[in-house]
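A short write-up of the structure that comes next.
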Amino acid sequence: LDEASRQRIRDALTDGLAAAAAEVRDEWIMPFVLHGDEHSVHSRFVELCERIGADEFILPVFDMPDPCEYVDRVGRVLSR
């Protein structure tokens with residue numbers, strides 16, 4: 001994250017979080033997101049939990065068209 005990008009994000013914050021989020025590039029956040037097919041997400045999640053000793057987590061549910069389907073899908077992936 002270079003200084004120019006940092007400044008664009010800071011400047012955009014004056015217009016709210018959505019405006020600042022528009023300045024964030026996918027490649028900056030993808031290392032922190034579980035993504036891929038169901039098998040790879042499940043495997044990576046299990047490996048991560050084992051590595052850090054996690055036995056619970058919080059699933060954020062943002063404003064979305066079908067939050068129940070989202071929670072169901074996450075449950076299916078994690079209970080494989």
Side-chain angles (χ1 to χ4, degrees):
L1 183 61
D2 59 46
E3 187 55 40
S5 298
R6 233 182 250 116
Q7 192 58 51
R8 278 195 308 277
I9 294 168
R10 284 187 192 117
D11 292 345
L13 275 170
T14 61
D15 294 322
L17 288 177
E23 298 294 331
V24 176
R25 293 190 221 147
D26 286 348
E27 65 262 21
W28 297 339
I29 61 169
M30 291 311 282
F32 304 99
V33 176
L34 295 175
H35 56 92
D37 62 51
E38 289 187 7
H39 177 75
S40 63
V41 169
H42 174 82
S43 297
R44 189 158 175 226
F45 180 77
V46 169
E47 183 275 324
L48 178 63
C49 288
E50 289 173 352
R51 183 165 35 97
I52 65 173
D55 59 3
E56 61 183 276
F57 71 100
I58 296 171
L59 176 66
V61 180
F62 304 102
D63 186 21
M64 57 185 68
D66 191 349
C68 292
E69 194 280 326
Y70 168 71
V71 172
D72 287 344
R73 186 174 68 236
V74 171
R76 284 192 310 274
V77 169
L78 300 184
S79 66
R80 291 176 59 98

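Bear in mind the structure is a predicted one, so any value in this text is a computation, not a measurement.
- At least one donor-acceptor pair closer than 3.5 Å links the side chain of Ser79 to the backbone N or O of Gly75.
- Taking all atoms of both residues into account, the shortest heavy-atom contact from Pro67 to Val61 is CB-CG1, 3.6 Å.
- Linking Ile, Leu, Val, Met, Phe, Trp and Tyr residues whenever their side-chain heavy atoms come within less than 4.5 Å leaves Phe57 and Val33 in two separate clusters.
- Comment: Glu47 does not engage Arg44 in a salt bridge, judged by the lack of any side-chain N to carboxylate O separation of less than 4.0 angstrom.
- The 12-atom threshold is not exceeded at CG of Leu17, counting heavy atoms of other residues, nucleotides or ligands nearer than 6.0 Å.
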Quick one: do Arg10 and Glu3 satisfy salt bridge (Lys or Arg N to Asp or Glu O under 4.0 Å)? Show the steps, please.
CA-CA 10 Å; Arg10 284 187 192 117; Glu3 187 55 40; 3.3 Å; yes

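- No more than 12 heavy atoms of other residues, nucleotides or ligands shown are found within 6.0 angstrom of NE2 on His39.
- Going from atom CD of Glu38 over to atom CG of Leu78 covers 10.0 Å, rounded to the nearest 0.5 Å.
- Linking ILVMFWY residues whenever their side-chain heavy atoms come closer than 4.5 Å, directly or via other members, places Val71 and Val74 in the same cluster.
- Here the side chains of Ser5 and Trp28 are in contact, with some heavy-atom distance below 4.5 Å.
- In this structure, Tyr70 has its ring center at least 6.0 angstrom away from the ring center of Phe62.
- Arg8 places no side-chain N or O within donor-acceptor distance of the main-chain N or O of Glu23, the cut-off being under 3.5 Å.
- The SG atom of Cys68 sits 12.5 Å away from atom CZ of Arg73, with the distance rounded to the nearest 0.5 Å.
- Hydrophobic clustering of Ile, Leu, Val, Met, Phe, Trp and Tyr side chains at less than 4.5 Å, counting indirect connections, keeps Met30 apart from Leu34.
- The shortest heavy-atom contact between Ile9 and Ala20 is O-CB, 3.9 Å.
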